[in-house]
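This report concerns only the one structure given below.
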Amino acid sequence: MKNNYLNIIGIAFRAGKCSIGEETIVKDIQKSRAKLVLIANDVGPQTKKKLTDKCHSYEIPYFIVQDDRHTLSNAIGKSQRVAIAVLDEGFAKKLMSLLG
């Protein structure tokens with residue numbers, strides 16, 4: 001199951017249905033473009049608070065995944081990414097069902 005969600009993230013990213021980078025994710029949350037935010041378990045406390053607070057304020061679901069930034073980054077073929085916003089409803093629903 002763990003690999004399934006990473007595969008879905010990779011597919012969604014290649015399809016252009018994800019955003020990365022803290023500021024971009026915050027903007028997507030504020031404009032309600034983000035349907036789901038995935039946060040690595042080793043994210044810094046300030047970034048974690050900022051992203052989770054924004055998600056709460058704008059009622060965007062989020063998950064702090066069991067994987068670290070290295071694993072999450074590998075799923076999308078980038079380096080040092082601690083968070084990914086999913087911009088597509090279909091991908092977000094599939095990921096939420098896989099992550100529980």
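- One distance of note links CD1 of I84 with CD1 of I76; it measures 4.0 Å at 0.5 Å rounding.
- Proximity of L38 to L36: side-chain heavy atoms (C-beta onward) are separated by under 4.5 Å at one or more points.
- I64 and I25 end up in the same hydrophobic cluster when Ile, Leu, Val, Met, Phe, Trp and Tyr side chains are linked at under 4.5 Å.
- To the nearest 0.5 Å, atom CD1 of residue I8 and atom SG of residue C18 are 10.5 Å apart.
- Judged by distance alone, with hydrogens and angles left aside, the side-chain atoms of T47 form no donor-acceptor pair with the main-chain N or O of V43 at under 3.5 Å.
- Considering every non-hydrogen atom in both L72 and A40, the closest pair reads CD2-N, 3.8 Å.
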Residues 26-34 side chain polar contacts: donor-acceptor under 3.5 Å, at least two apart:
from, atom 1, to, atom 2, distance (Å)
D28, OD1, R33, NE, 2.8
D28, OD1, R33, NH2, 2.6
D28, OD2, S19, OG, 2.7

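- Pairing each heavy atom of Y5 with each of L95, the nearest pair is O-CD2, 3.5 Å.
- Remark: K35 NZ to L87 CG distance equals 8.0 Å, nearest 0.5 Å.
- Residue K17 places its NZ atom among 12 or fewer non-hydrogen atoms of other residues, nucleotides or ligands, all under 6.0 Å distant.
- Summarising the geometry of N41 relative to D68, their closest heavy-atom pair is OD1-CA, 3.3 Å, with the distance given to 0.1 Å.
- The CG atom of L51 lies 12.0 Å from the CD1 atom of I60; values are rounded to the nearest 0.5 Å.
- Residue pairs meeting the salt bridge (Lys or Arg N to Asp or Glu O under 4.0 Å) criterion with at least one partner in residues 72-100, sequence neighbours excluded, do not occur; the list is empty.
- Residue pairs that meet the ring-ring contact (aromatic ring centres under 6.0 Å, His included) test with at least one member in residues 12-56, sequence neighbours left out, are H56-Y62.
- Note: F91 CZ to M96 CE = 13.5 Å, rounded to the nearest 0.5 Å.
- The cluster map of Ile, Leu, Val, Met, Phe, Trp and Tyr, joined by side-chain heavy atoms under 4.5 Å apart, puts L99 and V37 in different clusters.
- Going from atom CD1 of I39 over to atom CG of D67 covers 14.0 Å, rounded to the nearest 0.5 Å.
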